[in-house]
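These numbers were taken from a predicted model, which means no experiment stands behind them. In what follows, chains are A, B, ... by sequence order, proteins preceding strands, each numbered from 1.
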Protein chains: 4
Amino acid sequence: MPKSATRIQQKNQAAIMTAGLEVFSQFGFRGSTLDQVADAAGLSKPNLLYYFPSKDAIYTALLARLLENWLEPLHQMNDAGDPVEEILGYANRKLTMSRDFPRESRLFANEILQGAPRIKDVLAGELRALVEAKATVIKRWIAEGKIKPVDPVHLIFSIWSLTQHYADFDVQVRAILGDTDPFDTAETHLNDVFRRLLTP
Amino acid sequence: MPKSATRIQQKNQAAIMTAGLEVFSQFGFRGSTLDQVADAAGLSKPNLLYYFPSKDAIYTALLARLLENWLEPLHQMNDAGDPVEEILGYANRKLTMSRDFPRESRLFANEILQGAPRIKDVLAGELRALVEAKATVIKRWIAEGKIKPVDPVHLIFSIWSLTQHYADFDVQVRAILGDTDPFDTAETHLNDVFRRLLTP
Amino acid sequence: MPKSATRIQQKNQAAIMTAGLEVFSQFGFRGSTLDQVADAAGLSKPNLLYYFPSKDAIYTALLARLLENWLEPLHQMNDAGDPVEEILGYANRKLTMSRDFPRESRLFANEILQGAPRIKDVLAGELRALVEAKATVIKRWIAEGKIKPVDPVHLIFSIWSLTQHYADFDVQVRAILGDTDPFDTAETHLNDVFRRLLTP
Amino acid sequence: MPKSATRIQQKNQAAIMTAGLEVFSQFGFRGSTLDQVADAAGLSKPNLLYYFPSKDAIYTALLARLLENWLEPLHQMNDAGDPVEEILGYANRKLTMSRDFPRESRLFANEILQGAPRIKDVLAGELRALVEAKATVIKRWIAEGKIKPVDPVHLIFSIWSLTQHYADFDVQVRAILGDTDPFDTAETHLNDVFRRLLTP
DNA sequence: TATGAATGAGGATTCATTCAT
DNA sequence: AATGAATGAATCCTCATTCAT
């Protein structure tokens, strides 16, 4: 019954990915146990390892899936669009991701904090190339007087840090804000920041 | 000869703190082992535990020491100074800390990422109170027209995220920047960001 | 096939209980190691902990099982029976237990010697109540002239000490008696003791 | 200053013996730690080992001192005295020892429970010889009609178990008796037991 | 005589992974 | 596809003992 088997397979693999994300994003790779993941996935530990050959494989799969989507918002920044709006749009997409996918953000943060042992290549390769390409665009925008002078690479770092902060430091943000939802007010604030920084 | 005894004690305790900072800041509490800390401290594992009763005690001591200094730069923001310069000064102090004490920053980031199990109280207590106090000052500055309108709490979040990013995401930053030293250019960039955001 | 699984489980749990009894009754809780128990059970140490969550759990399970049976012989003393025979019967049942379950007796003795940290409640609760109930019966027997006057609680202590001695001090008893089986002659002796003490 | 040194030595050795008795009698040899003994003695652990070469040495010294006094009450049973009074006297001396030296009794009980690894020789040698000698005396008393027939060795066992019980099972005895002092009533009871057993 | 410092040999427990079914 | 059983390799921690002073 390959069809039904495949369906179960997909369901369980998805459950494992979700569980792994939940666990790994909080405790990091070494701080997480397969028991935690198995519990969260509602599977037995040996059954977990029927779908993924090892703890590492689950973690790596999560990282791979993450990277697929992680760069997408930056890719979408359109060379031909209105510069200020394009940059603001990127920042807003990143903020939305922090709101909707905070665990992915924390998984990424964890990996970077530990020295990015598994994704250094991606950072120095694909990511660096993408950033440099977009930096070139931004420089052109500056030269054309469409936005105020700004270090384009640090601008991108700023977008990352300002938006991801609301996912990665969520506990701290909420401890300080109390019941207020952080994202409601964050969006306005970040738009202020970038508009004043960039609008000529 | 208690003095010599104390000297050894101080030396070893300091070595353990340094080693613990190195290890815990990278791997987090659960991801670190006493073996790693002992190796880094140049001590045997039992000897380590002669100075600190447990792995947890080392980690907790590190967190405690960290928190002592962590809030200091914000405390230093002077109500009576020039608003823009005071806020910029705070941001610059934080950036300097990221440059000089990146491991402390990563230790803190690790703790927060894991849900801040040991310092939630400090966050919701001391830190929140301090932030609210400084937010009041900032609001007054805004009311007096000394700085442009801005959400004061999110302004503080922005200072944190923009500066700590250079410590916490150091690997990523360097992967993208290559040989350029991040902090040389970061300072100018951050001054641009905050000046444009705040200067009336 | 849950039945086969259960069979292995039961077999191993039983083996662990037997092994734990053997080891704990001789060395006490703190003096015993999981290695000893695992060896005696023919299991690896981690496999041991697959069936019981901790060393303490094994010990506690043994104590619990012991207490279930420990009071039974006293319960069986029948208010309506012949007083002398009832008391003698109780003593004989206790002596038989010392012969057939000496390790249980020593486990109990060990626990009491260490201050009964885990079963103080049972002693001061269930056991005390049972002793007091039976003491009331014995007092009635005395009042009715069925047995000679005797302190009923100390009588019960005497039955315990005289019989358990042959299990708890077995090594000493055998060192003195040489090849003679202690229990052969003990029974007669104890019957003499109690008959002369009680027969009006 | 040898004299003062000796004084300190004696004081500390005595303190260690007292502390060791306290600790070993409760937890047994393997269940006790040198830290516990050192704490109880008010000495540092290395200083402890200045006076006794090892943990074992302390325990062995305690056992040796114990054995010196342990057999004394039986030795005192006088062949030429009145049989019933002599045997009762012995029982009373043993009961007094249980009251005044319960820790010694428990130390002995612990050692026996563990199979008497260090004093098997004494049991099978000195003790056995003494018991046999006294058994011969008792047999003579029986033959002379001075006391009722009774198994002499088991009689001695009975004296041991009935009296030591109040030291070794102290916790249980007090749990059942509540506030009543066990020894007040025990003496009368034991006299009843032995008088009725022996008086012709 | 005394103690701070250090350590090797355990000892309880965890955990990723394998095996058998 | 699933799971109960089993294990070797850690991992935190304890403890008797030694060393240096």
Exercise. Which residues satisfy the side chain to side chain contact (heavy atoms under 4.5 Å, CB included) test with B/Gln26, sequence neighbours excluded?
Worked result: none
For this session: With the side chain counted from C-beta on, respond yes when B/Thr33 and B/Val23 share a heavy-atom pair under 4.5 Å apart, and no when they do not.
Result: no
For this session: Answer whether the closest heavy-atom distance between the side chains of B/Tyr50 and B/Ser44 falls below 4.5 Å.
Result: no
Look for any protein N or O under 3.5 Å of an N or O in nucleotides 16-20 of chain F and output each such pair with its distance, or none.
residue, atom, partner, partner atom, Å
F/dA16, OP1, D/Ser32, O, 3.3
F/dA16, OP1, D/Leu34, N, 3.4
F/dA16, OP1, D/Lys55, NZ, 3.3
F/dA16, OP2, D/Leu34, N, 2.8
F/dA16, N7, D/Lys45, NZ, 3.4
F/dT17, OP2, D/Lys55, N, 2.8

Just to confirm, is there a sub-4.0 Å distance from OP1 or OP2 of [N] to any side-chain nitrogen or oxygen of [X]?
{"X": "C/Gln9", "N": "F/dG4", "answer": "no"}
{"X": "A/Asn47", "N": "F/dA1", "answer": "no"}
{"X": "A/Tyr50", "N": "F/dA1", "answer": "yes"}

Rounded distance (Å) that lies between atom [atom2] of [N] and atom [atom1] of [X]:
{"X": "C/Tyr51", "N": "F/dT7", "atom1": "OH", "atom2": "C1'", "result": "12 Å"}
{"X": "B/Lys11", "N": "E/dG4", "atom1": "NZ", "atom2": "P", "result": "17 Å"}
{"X": "A/Ile58", "N": "E/dC15", "atom1": "CD1", "atom2": "C1'", "result": "13 Å"}
{"X": "C/Leu48", "N": "F/dA5", "atom1": "CG", "atom2": "C1'", "result": "13 Å"}
{"X": "C/Phe52", "N": "E/dT13", "atom1": "CZ", "atom2": "P", "result": "13 Å"}
{"X": "B/Asp39", "N": "E/dT7", "atom1": "CG", "atom2": "P", "result": "12 Å"}

Exercise. Do B/Lys55 side-chain atoms and B/Ser32 backbone N/O form a donor-acceptor pair below 3.5 Å?
Worked result: yes
Specify the closest pair of heavy atoms between [X] and [Y], including all atoms of both residues, with the distance to one decimal.
{"X": "D/Phe52", "Y": "D/Ala61", "result": "CE2-CB, 3.9 Å"}
{"X": "D/Pro102", "Y": "D/Ala167", "result": "CA-CB, 3.8 Å"}
{"X": "C/Phe108", "Y": "D/Gln172", "result": "CZ-OE1, 3.3 Å"}
{"X": "D/Leu62", "Y": "D/Gly20", "result": "CD1-C, 3.4 Å"}

Exercise. Which residue lies toward the 5' end of DNA chain E, B/Ser44 or D/Ser44, if each is placed at its nearest nucleotide?
Worked result: D/Ser44
For this session: Classify the ring geometry between A/Phe24 and A/Phe29 as parallel (under 30°), tilted (30 to 60°) or perpendicular (over 60°).
Result: parallel
Exercise. Going by the salt bridge (Lys or Arg N to Asp or Glu O under 4.0 Å) test, which pairs reach into residues 18-40 of chain A, not counting sequence neighbours?
Worked result: A/Glu22-A/Arg103, A/Asp35-A/Lys45
For this session: Tell me which residues in residues 12-26 of chain A put a heavy atom below 4.0 Å from DNA chain F, sorted by number, or none.
Result: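 Of all residues in residues 12-26 of chain A, the ones placing a heavy atom under 4.0 Å from DNA chain F are A/Asn12.
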Problem set entry | Set of residues satisfying salt bridge (Lys or Arg N to Asp or Glu O under 4.0 Å) with respect to C/Asp56, sequence neighbours excluded | C/Arg118
Exercise. Does DNA chain F take part in any stems of at least 3 consecutive Watson-Crick or G-U pairs (both distances under 3.5 Å), and if so, which ones?
Worked result: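 Stem list for DNA chain F: E:2-21 with F:2-21.
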